[in-house]
Amino acid sequence: MSPAAHEVAASAVALAIERGITVATAESLTAGMVAATLADTPGASGMLQGGVVAYQNAVKAGILGVSEELLSAVGSVDAEVAAAMADGARHACGADVGVSTTGVAGPLPHDGKPVGTVFIGVATQGGATAHAYSFPGDRPSIRAQATAAALERLLECLVHADLPHVK
């Protein structure tokens, strides 16, 4: 992971701890890289509740509560799915914020979406949203860029969202 991604993770960890906010992850194409990057930061145990690696749709539906009808209709690489995954992580782990990743790292398209298509979901008690990206490069590069984007969206949420102030 890039030094910049680790800096963003460190900022997110510090801000979440300062505000008393907990975070959970739901990861498909990044398969735990977001949670691992957060956990690389000393003190992360003060904010990281846990995470779900939901590579298969059965896990997205069964553990994260993503609608099977939605998955059947749009596939796993979709903004609504990313938002639902983030909300599912928040609920499954008892966290204030959920962040998710889903997309196509390649080498082949998936669910009719081209390689590099990525959606990052973020959920709070106020609702869930998703952000679309199109990243260039090979599989490792796309996964790294998705991880960095998820950390940036998490930090943005922690800075701007109206979240509970526990402390």
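Contact annotation: the side chain of V159 approaches that of L155 to within less than 4.5 Å [non-hydrogen atoms, C-beta and beyond]. Contact annotation: the side chain of P136 approaches that of Q145 to within less than 4.5 Å [non-hydrogen atoms, C-beta and beyond]. Between E18 and L15 the shortest side-chain heavy-atom distance falls below 4.5 Å.
Under the 4.5 Å side-chain heavy-atom criterion for grouping Ile, Leu, Val, Met, Phe, Trp and Tyr, Y55 is not connected to V77 through any hydrophobic cluster. One hydrophobic cluster, built from ILVMFWY side chains closer than 4.5 Å, cannot hold both V34 and V52; they sit in different ones. The same ILVMFWY cluster, assembled from side-chain heavy atoms under 4.5 Å apart, contains both V122 and V118. By the rule that hydrophobic residues join a cluster once side-chain heavy atoms approach within less than 4.5 Å of another member, V81 and Y133 end up as members of separate clusters.
Applying the salt bridge (charged side-chain N to carboxylate O under 4.0 Å, His left out) definition to pairs two or more places apart or across chains, those involving residues 61-87 are D87-R90.
As a member of the Ile/Leu/Val/Met/Phe/Trp/Tyr network built from side-chain separations under 4.5 Å, V53 groups with nothing else and remains a singleton. Grouping Ile, Leu, Val, Met, Phe, Trp and Tyr by side-chain contacts under 4.5 Å, direct or through others, leaves L108 on its own.
A donor-acceptor pair is defined here as one N or O able to donate and one able to accept, closer than 3.5 Å; no such pair exists between the side chain of T41 and the backbone of A44. With hydrogens and angles ignored, the 3.5 Å screen pairs no side-chain donor or acceptor of Q49 with any backbone N or O of A95. Checking side-chain atoms of T117 against main-chain N and O of V104 turns up no donor-acceptor pair under 3.5 Å.
Every residue two or more places apart in sequence or in another chain that forms a side-chain contact (heavy atoms from CB on, under 4.5 Å) with A105 is listed here: L29, R139, I142, R143. Every residue meeting the side chain to side chain donor-acceptor pair (under 3.5 Å) condition with T30, not counting sequence neighbours, appears here in chain and number order: E27, T101. For D40, the side-chain contact (heavy atoms from CB on, under 4.5 Å) test picks out H6, with sequence neighbours left out. Among residues two or more places apart in sequence or in another chain, the side-chain contact (heavy atoms from CB on, under 4.5 Å) test is passed with A89 by A24, A26, L64. S28 is linked by a side chain to side chain donor-acceptor pair (under 3.5 Å) to K60, counting only residues two or more places apart in sequence or in another chain. By the side chain to side chain donor-acceptor pair (under 3.5 Å) test, E152 pairs with no residue at all, sequence neighbours left out. For A79, the side-chain contact (heavy atoms from CB on, under 4.5 Å) partners at least two apart in sequence or on another chain are F119, A130. With sequence neighbours left out, D138 forms a side chain to side chain donor-acceptor pair (under 3.5 Å) with no residue at all.
L154 contributes atom CG, which lies 11.0 Å from atom CD1 of I120 (distance to the nearest 0.5 angstrom).
Taking each heavy atom of A83 and A128 in turn, the nearest pair found is O-CB, 3.5 Å. Across all non-hydrogen atoms, the minimal contact from P109 to V115 is N-CG2, 3.9 Å. Heavy atoms only, all atoms of each residue included: V13 and M47 are closest at CG2-SD, 3.9 Å. Nearest approach of C157 to V97, heavy atoms of both residues: SG-CG1, 4.1 Å. Here the closest non-hydrogen pair linking T102 and A82 is CG2-CB, 3.9 Å.
Just one of V99, T147, L151, V8 meets the side chain to side chain contact (heavy atoms under 4.5 Å, CB included) condition when paired with L38; it is L151.
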